[in-house]
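To start, the structure under review is shown below, and the notes come after it.
Naming convention: chains lettered A, B, ... in sequence-line order (proteins, then strands); numbering from 1 in each chain. This one's a predicted model, so the numbers in the text were calculated from it and none came from an experiment. These values consider heavy atoms only, across backbone and side chains, with no hydrogens, waters or symmetry-generated copies.
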Amino acid sequence: MHDIRFIREDPAAFDAGLKKRNLAPLSAELLEIDKRRRAAISESEAAQAKRKALSRQIGIAKGKGENADALMAEVEALEATLKQGEAEAKRLDEELTRRLEVLPNLPFDDVPDGVDETGNVEIRRVGSQRNFPFQPKDHVALGEATGEMDFASAARISGARFVFLKKHLARMERAIAQFMLDLHTSEEGGYTEVNPPLLVRDNAAYGVGQLPKFAEDMFHTDNGFWLVPTAEVPLTNLVNDTIVEEKDLPLRFTAFTPCFRSEAGAAGKDTRGMIRQHQFPKVELVSITTPEQSDAEHQRMTGRAEEILKRLGLPFRTIVLCGGDMGPASRKTFDIEVWLPGQNAYREISSCSNCGEYQARRMNARFRPKEGKGTRFVHTLNGSGLAVGRTLIAVLENYQNEDGSVTIPEALRPYMGGLAALPAPTKRK
RNA sequence: GGAGAGGUGGCCGAGCGGUCGAAGGCGGCGGUUUGCUAAACCGUUAUACGGGGAUAACUCGUAUCGAGGGUUCGAAUCCCUUCCUCUCCGCCA
């Protein structure tokens, strides 16, 4: 949600931000609505002030037992203008909100220009791609060979874009999540583990910017709940409608949850395998900071997500998204892409965004500064730390052996009962 | 699911048709006292929007007592709708 005063003060900066989003300038028409809105408010308030004064006089007169008919007639005469003025002011105010609340956040100046993913810029590459002496398989081939990744059963029971994981793979997914949580909640990680609700109300979905524009991307229950598309929704809303003390910032939350996305089928992309599912597990990171801290926190958060991949020995690259490819709430986003030899491609495994005060304004999340008076909006950040299902895929594809067994990365072994490798599939008789 | 109770400022808690933005307390801030701390005492302490002003200090106005609507000259107070919380009973992982 944008601050109309910011647009009033610097319409050129606003339009420049929209341009980075490949949107046409809007400041002129928004300010026109704002102008009419403010005029209507002034008019309406003047009438209200008059009524208030008269009503007070009526009260005083009646208190003294005097006749107040003349005064009451005066108020009566005001009635029409009053009602009309109020309605007009309200209508214009709502129109402005409706226009503003669907606009995306303004990218920072250092965000690259571009209309889609081709405009993204790689900023670093870590780890080296393994040289396979054989043709590496993708995760579907590996998982189905052992029967531990079962798409056929999932299709019978839930339809497309679901999967059953069994035995070692089920356990490894759990191991990965636990490894991530342990690192994030360690002293150097600094995050507080949270186990949030997975069903949320409209206001929570609105607060992070999912509503009103992206309703069709979420599952909805028939009694009015949204299934969370990411734990970002409940975690960020932990501070909605609250005022935190500056000394308590930053707040850092992490959660391991399933995520539910209904849009996953619509794109027609990644129809094969576990890459894009209606339900997937993810460890999420959320930070609440002061405006001054948010940029450093953004770097830090991205670093914490990268640390997971480093410890798992998975090669990855980090890119900064261009204006056209960023999520609407974000001012700047780093994507981390893991190398998948089975696909011969880097694939997104984390997305870390600094949302500035965009979400804070929508959910009314403020802090009380140590210096000065009043309150200010917090900055909110979120990132995957990491997508657990995709991490599982990455482990399978990067650590596979020619016989179909999979070496387990050292970091995960303590979580797998010391197991060193997932067994190769047994040959069919 | 059944039966009740309630939602007031950063927090607790009064008020139940008329100068109520709202008593009192706590907390916060400023000060006095004090060797320091504590205690005591005095003062102060909401937010949003709009107008004026230098996009200042400040000032004027309007709104805000869960949300929305209604009654009334006037609503925190009355009525309706809705959301939420709590208690008891039932049911259930």
Distances for protein N/O vs nucleotides 51-55 of chain B N/O pairs under 3.5 angstrom?
from: B:G51; atom 1: OP1; to: A:Arg38; atom 2: NH1; distance (Å): 3.1

Could you run down the sub-3.5 Å N/O contacts of the protein with nucleotides 73-79 of chain B?
from: B:C73; atom 1: O2'; to: A:Ser55; atom 2: OG; distance (Å): 2.9
from: B:C73; atom 1: N4; to: A:Lys62; atom 2: NZ; distance (Å): 3.4
from: B:G74; atom 1: O4'; to: A:Ser55; atom 2: OG; distance (Å): 3.2

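Distance A:Glu45 CD to B:A63 P: 8 Å, rounded to the nearest Å. Atom NZ in A:Lys52 sits about 10 Å away from atom P in B:U19, given to the nearest Å. Put simply, CG on A:Leu96 is 18 Å from P on B:A48, counting in whole angstrom units. The distance from atom CG of A:Asp3 to atom P of B:C49 is 7 Å, rounded to the nearest whole Å. As rounded to whole Å, 11 Å separates atom P of B:G10 from atom CG of A:Asn364. For the pair A:Asp241 CG and B:A48 P, the interatomic distance rounds to 13 Å; values are reported in whole Å.
Remark: A:Lys90 in residues 82-93 of chain A come within less than 4.0 Å of RNA chain B through at least one heavy atom.
One P atom belongs to B:U47, the other to B:G53, and the distance between them is 25 Å to the nearest Å. Rounded to the nearest Å, the gap between the C1' atom of B:G15 and that of B:C91 is 41 Å. The separation of B:U85 from B:U8, taken at their P atoms, amounts to 14 Å, rounded to a whole angstrom. Rounded to whole Å, the separation between the P atoms of B:C26 and B:U44 comes to 15 Å. The separation of B:G25 from B:U33, taken at their C1' atoms, amounts to 24 Å, rounded to a whole angstrom. Atom P of B:C86 sits at a distance of 47 Å from the matching atom of B:G52, rounded to the whole Å. Using P as the reference atom, B:C80 and B:G21 are 26 Å apart when rounded to the nearest Å. On the C1' atoms, B:A5 is 45 Å away from B:U59, given to the nearest whole Å.
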**Item:** Which nucleotides of RNA chain B pair, in dot-bracket form (Watson-Crick or G-U under 3.5 Å, | meaning another strand)
**Value:** ((((((((.[[[..)..(.....]]]((((((.......))))))(((((((.....))))))).[[[[[..)....]]]]])))))))....
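Between A:His220 and A:Phe225, the ring centre distance reaches or exceeds 6.0 Å.
Look at A:Asp34 and A:Arg8 and you find a salt bridge, because one of the NZ, NE, NH1 or NH2 atoms lies within 4.0 Å of a carboxylate O, short of that distance. Ion pairing between A:Arg376 and A:Glu292 holds under the 4.0 Å rule for side-chain N and carboxylate O. Between A:Glu410 and A:Arg311 there is no salt bridge, since no side-chain nitrogen of the basic residue lies less than 4.0 Å from a carboxylate oxygen of the acidic one. By the 4.0 Å N-to-carboxylate-O rule, A:Lys83 lies close enough to A:Glu79 to be salt-bridged with it. Classification of A:Lys19 and A:Asp113 as a salt-bridged pair fails, no side-chain N sitting under 4.0 Å from a carboxylate O.
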**Item:** Stepwise ring-ring contact (aromatic ring centres under 6.0 Å, His included) check, A:His278 with A:Phe260
**Value:** CA-CA 6 Å; A:His278 283 311; A:Phe260 303 95; over 10 Å; no
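Stacking of A:Arg304 on the aromatic ring of A:Tyr191 is not recorded, the 6.0 Å distance cut-off and the 45° axial limit not both being met.
Evaluation of the side-chain hydrogen bond (donor to acceptor under 3.5 Å, both in side chains) rule for A:Thr230 yields A:Lys282 as partners, not counting sequence neighbours. Checked against ring-ring contact (aromatic ring centres under 6.0 Å, His included), A:His298 has the following partners two or more places apart in sequence or in another chain: A:Phe334.
A sub-4.0 Å separation between OP1 or OP2 of B:C49 and a side-chain N or O of A:Arg37 is absent.
More than 12 heavy atoms of other residues, nucleotides or ligands sit less than 6.0 Å from atom CD of A:Glu95. Shown here is A:Asp109, whose CG atom has no more than 12 heavy atoms of other residues, nucleotides or ligands within 6.0 Å.
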